[in-house]
Amino acid sequence: MTVNGKVVVITGASRGIGQACALAFGRRGALLSLAARSPLAVPDALCTPCDLTLAADRETLVHRTIEHYGRIDILINNAGHGLYGPTGQANPTDLRTLFELNFFAAVAMIQLVLPSLEAQHSGHIVNVSSIAADIALPWMTMYSASKAALSSVSAGLRRELQGSGVQVTDVLPGYVTTGFQASATGTPPNGVLQFRSRAISPEQCAEAIVRGVERGARTVVTPGSGWFAILAEHLLPRMVDSPLSKMNR
């Protein structure tokens, strides 16, 4: 898909991957509809303050976008939250809050935009998940579970939409240098620092997402070395268990 002139809705656009995606798609001539909890002021973009866990805010975002641009071509489900801590001590309220944003809000956004995409016989849905969806991380297990649920939606939805003209891409970033750790609930495990040496910038992640949309990729793993970790998880899980089990030690 050529993104020039396409209407792109990006959630969680005030910082990190979402902000970088706005810049990357904008450079390619996309028409931007940006949503975030905090007010945004981006030139040549439609900006909507939005709490994605609220149905009314989601509906307002989609309605304003279609009213302003006349259509939606690409949805980037990027907004998300982190939760650290051992599974046995997960706070039920924190857990529900996590899934409300990382999973239920993303599914609701898909349901809101899908009818117009199917009517157009074209469009693209991008779900920004995490490599943790495929490699469950200890002391981040609930976060991994929320992202695994989103990745499952991507896979199943892609099969449901085969032949419709609507494509679905699942994005699995590794460690990205954003404010994610600081804004997450709980304290990051000590071992998570080991991944910093392989970290990528939000801009690198955004470029991988744009290229994935342009080529119609099923899955985007960024950095590409993450594919080796995923392969090891599936073929040599005991080898992966040992180092990950020591993350908080």
Does R37 reach the main-chain N or O of D51 with its side chain, forming a donor-acceptor pair under 3.5 Å?
no
Determine yes or no for a side-chain-to-main-chain donor-acceptor pair under 3.5 angstrom, with K147 supplying the side chain and V128 the backbone.
yes
For the residue pair M109 and L52, establish whether any side-chain heavy-atom pair is separated by less than 4.5 Å.
yes
Donor-acceptor pair, T141 side chain versus L137 backbone, under 3.5 Å?
yes
So L75 and V126, do their side chains get closer than 4.5 Å, heavy atoms only?
no
Can you measure from OG1 (T222) to CG (L172) and round to the nearest 0.5 angstrom?
10.0 Å
State whether the side chain of R58 and the backbone N or O of A108 hold a donor-acceptor pair below 3.5 Å, judged by distance alone.
no
Hey, is the main chain of Y143 close enough, under 3.5 Å, to the side chain of S146 for a donor-acceptor pair?
yes
Is the side chain of N102 donor-acceptor paired with the backbone N or O of H81 at a distance under 3.5 Å, no angle test?
yes
Spell out, as yes or no, whether a donor-acceptor pair under 3.5 Å connects the side chain of T169 to the backbone of V213.
no
Taking NZ, NE, NH1 and NH2 as the nitrogens, is one of them in K6 or E214 under 4.0 Å from a carboxylate oxygen of the other?
no
With sequence neighbours excluded, what pairs up with Q162 under the side chain to side chain contact (heavy atoms under 4.5 Å, CB included) test?
none
For Y175 and I131: C-alpha separation, side-chain torsions, deciding distance, then whether side chain to side chain contact (heavy atoms under 4.5 Å, CB included) applies.
CA-CA 9 Å; Y175 194 112; I131 198 168; over 6 Å; no
Quick one: does T87's side chain get under 4.5 Å of M142's, heavy atoms only?
yes
Given the rule in the side-chain hydrogen bond (donor to acceptor under 3.5 Å, both in side chains) test, do S151 and D170 qualify, once you have shown the distances and angles that lead to the verdict?
CA-CA 6 Å; S151 288; D170 190 31; 3.0 Å; yes
Mark yes when over 12 heavy atoms from residues, nucleotides or ligands other than H68 sit less than 6.0 Å from its NE2; otherwise mark no.
yes
Any side-chain to backbone donor/acceptor pair from T11 onto A79? Under 3.5 Å, distance only.
yes
Tell me whether L61 shares a hydrophobic cluster with I125, the cluster being built from Ile, Leu, Val, Met, Phe, Trp, Tyr side chains joined at under 4.5 Å.
yes
Short question: side chain of D73, backbone of V7 - any donor-acceptor pair under 3.5 Å?
yes
Crowding at CZ, R28 (>12 non-hydrogen neighbours, <6.0 Å):
yes
Student check: side-chain heavy atoms of T65 and R71 closer than 4.5 Å
no
Donor-acceptor pair, distance only, cut-off 3.5 Å: does the side chain of T48 make one with the backbone of A35?
no
Flag the pair I135 / V240 as yes when at least one side-chain heavy-atom distance between them is below 4.5 Å, and no otherwise.
yes
Kindly determine whether T177 and S201 satisfy side-chain hydrogen bond (donor to acceptor under 3.5 Å, both in side chains), including the steps that lead there.
CA-CA 5 Å; T177 54; S201 68; 5.6 Å; no
Distance, nearest 0.5 Å, that separates CG of L112 from CG of L117
11.0 Å
